[in-house]
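Heads up, the thing below is written out as structure tokens.
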Number of protein chains: 2
Amino acid sequence: MDLKKLGYFVVLARHLHFTRAAGTLGIAQSSLSQQIKVFEGELGVRLFDRDHHSVSLTAAGKALLDDGVCLLEAADRVAGQVRAAAAGPVTSAT
Amino acid sequence: MDLKKLGYFVVLARHLHFTRAAGTLGIAQSSLSQQIKVFEGELGVRLFDRDHHSVSLTAAGKALLDDGVCLLEAADRVAGQVRAAAAGPVTSAT
DNA sequence: AAGCCTTACGAGGAGCGTAACAATA
DNA sequence: TATTGTTACGCTCCTCGTAAGGCTT
């Protein structure tokens, strides 16, 4: 489970549009296509149904969108807490 | 926040011994040393105090050990749930 | 013709191993 | 000297971008 690819997935899941999602992420659209495919391969699950003119989430994709966002936020929070712990090891209160 | 490096950190934090931790992880000891250093750099925090014959957790390291394990487990759980969602979209009960 | 996703191919960076080095007991 | 952690160097794989291809409207 790679957090980087998970982030790509979340952005794409919100746009449901490779070109725009790639723009948001600041990478090429083809790279996003590749990474999503790799991510699906790693999970062994198809996350999106892509027809030539419509991208939609599969059931697995919907499940991952919910939990994935939480996971990403949790990771961010942990990083912040670690930095805080290093800066000022507050025992309990202010 | 890279989950792979976080996993390395957790194993090292439990062994408090680079050589053994590297053995557990199945990588070279020097590689572990490098990855931990990179990880510390990414977080901007020192995780371990290393003397030549003793490795110990800093305050930040201890904080990360607790939360990091949870994060890793959460990531694992999410992956499992996604696969389950793909296999059998159980609405509520059996 | 225009828009959208995918595949092919090449460049750059990250991760890893081997080897060499420094310090402690 | 044996053990432990760090640094240097080279290799391999992964990620990304550009270019070309195929399908739909």
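Every chain is numbered from 1, with letters handed out A, B, ... down the list of sequences.
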Count I, L, V, M, F, W, Y as connected when their side-chain heavy atoms are under 4.5 Å apart, and connections chain through other members. Are B:V38 and B:L57 then in the same cluster? no

When rounded to the nearest 0.5 angstrom, what distance separates CD1 in A:I36 from CG in A:L47? 7.0 Å

Mind listing the closest non-hydrogen atom pair of A:L16 and A:S56 along with its distance?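 Minimum heavy-atom separation between A:L16 and A:S56: CD2-CA, 4.0 Å.
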
Compare every heavy atom of B:L32 with every heavy atom of B:F18, then report the nearest pair and how far apart it is.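 That closest heavy-atom pairing would be O-CD2, 3.6 Å.
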
Heavy atoms of chain A, cut-off under 4.0 Å: which first and last nucleotide of DNA chain D, 5' to 3', fall inside that, if you could look?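 Extent of the interface on DNA chain D: D:dT15 to D:dT24.
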
Using modelled atom types and a 3.5 Å cut-off, is there a donor and acceptor pairing between side-chain atoms of B:E40 and backbone atoms of B:F48?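 Indeed, once roles are kept as given, a pair shorter than 3.5 Å links the two residues.
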
Using modelled atom types and a 3.5 Å cut-off, is there a donor and acceptor pairing between side-chain atoms of B:R83 and backbone atoms of A:L43?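 Between the backbone of A:L43 and the side chain of B:R83 there is a qualifying donor-acceptor contact (under 3.5 Å).
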
Show me the pairs that pass side chain to side chain donor-acceptor pair (under 3.5 Å) and involve residues 12-21 of chain B, at least two apart or across chains.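 Listed once each, the pairs are B:H15-B:T24.
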
Apply the test side chain to side chain contact (heavy atoms under 4.5 Å, CB included) to residues A:Y8 and A:F39: give CA-CA distance (whole Å), side-chain angles for both, the deciding distance (0.1 Å), then the verdict. CA-CA 9 Å; A:Y8 288 179; A:F39 194 43; over 6 Å; no

Summarise how protein sits on nucleotides 14-24 of chain C as a single string, 5' to 3': B when a protein heavy atom is under 4.0 Å from the base, S for sugar-phosphate-only contact, - for no contact. -SBBBB---SB

Round to the nearest Å and state the distance from A:R20 atom CZ to C:dG3 atom P. 12 Å

